[in-house]
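Contents: one structure, followed by commentary.
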Amino acid sequence: MKKILVILIILVAALTGGILFYLVGIGAADPGNTEEITVEVPNGSGASAIVGILDENGLVKNTVCAKINTRIGGYDSLQANTYIFNRSMTFPEMMKAINTGDFNYISKTSFQLNEGFRLSQCAQALSEASPFSAEEIMKKWDNKDYVRELIGKYWFLTDEILDKDVMHPLEGYLFPDTYFITDSDPSIESLTEMALDEMDKALSDRKGEIEKSKFSVHRFLTLASIVTKEGCATDKDAAHISGVFINRLNKDMSLGSDVTVCYIFDEDRVDLKVSQLESDSPYNARKVKGMIPGPICTVPAIAMDGVLNYDKTDDLFFYAGPDGTIYYAKTNAEHDKNVAEHPWSEEDLKQ
């Protein structure tokens with residue numbers, strides 16, 4: 001009995017020691033060291049390969065224990081990506097992050113496409129968060145062969161965007177949002193599709209309403225982009241401004257929108273020059289009757305919904321005062337009165 005007891009004690013001690021050794025071995029390689037370490041997990045990496053990758057980066061305390069953990073840890077969905085870990089993390093914590101593709105540990109750079117951004121401004125924003133220059137990006141976006149590939153992939157992109165009068169085919173088709181780059185080696189194509197995928201969601205949600213409006217997607221986004229640049233700060237403004245433009249379209253009038261002239265010259269200003277207002281560009285909605293060739297900026301959901309749910313009024317004019325208030329009018333005389341009563345000062349124009 002004494003021998004059996006001794007053997008049991010030895011076995012328990014050995015088992016306890018083994019468990020302690022294992023737990024320590026899968027623990028943090030350097031507790032308290034929170035210096036970030038970027039780890040690339042390539043496509044097709046198995047658990048054993050990942051142990052090697054983490055070990056090369058000084059993140060594994062004991063490779064034997066780590067390999068044991070990969071066998072019993074249930075890691076059956078390991079996801080390739082670029083992760084950011086530190087040496088104070090335990091091996092199971094890192095493996096769980098890789099197994100779930102935990103966004104909190106994925107390396108990410110963000111870029112933001114604001115509402116009302118022209119395509120040139122989108123290219124600049126993307127350039128600041130990627131290895132590509134704004135010129136390279138614009139060249140790619142204006143490449144007709146590339147655009148045709150996108151037309152074949154996205155239902156809302158049609159040959160209308162390749163019309164000879166359209167300045168930039170993808171203008172207005174990148175959805176305004178904040179995007180996170182998690183790929184360590186992104187391409188212009190992959191980054192572009194991030195924004196197009198979001199536009200796909202926004203337009204798909206409204207597909208039935210767009211069809212009922214009898215606008216093509218291209219004309220719909222064109223009008224919504226003008227509404228955006230005209231200052232659709234609220235749902236009410238977006239719907240009322242849209243109603244004014246649709247009234248003018250129905251009466252075969254020009255849209256009379258100065259923001260389209262700003263687009264021609266790739267700038268935003270209130271005090272446009274006479275020579276600019278007289279531009280013969282087909283984008284000059286001051287002179288051209290009906291719709292201009294294409295969108296002039298990114299389009300937020302508020303502008304889309306404003307066009308789809310426009311106010312049915314008799315108004316044919318609107319004027320944005322210096323304080324942001326929008327004044328509507330049914331006649332040119334009423335419009336002139338609004339302008340005279342709420343003039344822009346020289347100081348306002350400079351801001």
Side-chain angles (χ1 to χ4, degrees), residues 108-142 150 154 156-157 161 166-182 186 188-203 205-206 217-218 220-239 241-242 245 257-270 272 283 292 294-308 320 322-324 326 350-351:
K108 46 193 175 287
T109 302
S110 66
F111 64 94
Q112 185 168 330
L113 304 184
N114 291 342
E115 300 175 1
F117 261 19
R118 294 184 296 277
L119 198 65
S120 58
Q121 293 171 306
C122 292
Q124 184 59 45
L126 186 52
S127 173
E128 292 170 3
S130 73
F132 312 105
S133 68
E135 291 73 20
E136 286 179 282
I137 295 169
M138 285 298 294
K139 184 177 180 181
K140 186 68 175 180
W141 286 347
D142 285 340
L150 293 176
Y154 293 94
F156 55 88
L157 295 177
I161 66 176
V166 171
M167 289 178 65
H168 302 293
L170 295 181
E171 187 77 75
Y173 284 89
L174 305 182
F175 192 75
D177 205 344
T178 298
Y179 296 92
F180 293 96
I181 304 172
T182 61
I188 295 176
E189 293 88 341
S190 66
L191 298 175
T192 302
E193 290 186 17
M194 289 171 65
L196 288 174
D197 288 345
E198 288 305 306
M199 179 57 85
D200 193 348
K201 294 176 186 176
L203 292 176
D205 288 344
R206 298 167 174 81
V217 172
H218 187 68
F220 167 70
L221 286 178
T222 299
L223 181 55
S225 72
I226 299 173
V227 172
T228 300
K229 294 299 280 186
E230 287 287 6
C232 60
T234 67
D235 293 334
K236 183 178 179 181
D237 288 335
I241 291 173
S242 297
F245 283 138
S257 174
D258 288 352
V259 297
T260 63
V261 181
C262 292
Y263 177 71
I264 298 167
F265 298 96
D266 197 24
E267 60 183 14
D268 292 305
R269 55 188 296 173
V270 177
L272 289 164
Y283 279 87
I292 60 175
I296 61 174
C297 68
T298 59
V299 180
I302 188 175
M304 293 184 189
D305 292 335
V307 173
L308 294 172
D323 63 350
I326 299 178
K350 291 177 183 178
Q351 293 179 0

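It should be emphasised that the depicted structure is a prediction, and the values quoted were computed from it without experimental measurement.
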(Q) Could you check whether any side-chain N or O of Thr228 sits under 3.5 Å from a backbone N or O of Ala224, counting only pairs where one atom can act as donor and the other as acceptor? (A) yes

Q.
Is the ring pair Tyr263/His168 parallel, tilted or perpendicular, if the boundaries are 30 and 60 degrees?
A. perpendicular

Q) Are any of the side-chain heavy atoms of Leu191 and Ile188 separated by less than 4.5 Å? A) no

Q. Is Ser242 reaching over with its side chain to a backbone N or O of Ala238, donor-acceptor style, under 3.5 angstrom?
A. yes

Q) Can you list the residues that meet the salt bridge (Lys or Arg N to Asp or Glu O under 4.0 Å) rule with Asp305, with sequence neighbours excluded? A) Arg206

Q) Is the closest side-chain heavy-atom distance between Val166 and Tyr283 below 4.5 Å? A) yes

(Q) Using only atom types and a distance under 3.5 Å, with no angle test, would you say the side chain of Ser110 pairs donor to acceptor with the backbone of Phe180? (A) no

Mind listing the side-chain donor-acceptor pairs of residues 111-120 below 3.5 Å, one per line with the distance, residues two or more places apart or on another chain?
from   : atom 1 : to     : atom 2 : distance (Å)
Gln112 : NE2    : Asn114 : OD1    : 2.7
Arg118 : NE     : Asp266 : OD1    : 2.6
Arg118 : NH1    : Asp268 : OD1    : 3.2
Arg118 : NH1    : Asp268 : OD2    : 2.9
Arg118 : NH2    : Asp266 : O      : 3.3
Ser120 : OG     : Asp266 : OD1    : 3.1

Q) Looking just at side-chain N and O atoms, do Tyr179 and Glu198 make a donor-acceptor pair shorter than 3.5 Å? A) no

Q) Side chains of Pro295 and His218: closer than 4.5 Å at any heavy-atom pair? A) yes

Q: For residues Phe156 and Leu196, determine if any side-chain heavy atom of one lies less than 4.5 Å from a side-chain heavy atom of the other.
A: yes

Q: Check whether any side-chain N or O of Ser225 sits under 3.5 Å from a backbone N or O of Ile296 as a donor-acceptor pair, and report yes or no.
A: yes

Q: Apply the side chain to side chain contact (heavy atoms under 4.5 Å, CB included) test between Pro176 and each candidate in Cys297, Pro300, Cys122; give the one that qualifies.
A: Pro300

(Q) Does any part of the side chain of Thr298, heavy atoms only, come nearer than 4.5 Å to the side chain of Phe175, both counted from C-beta? (A) no

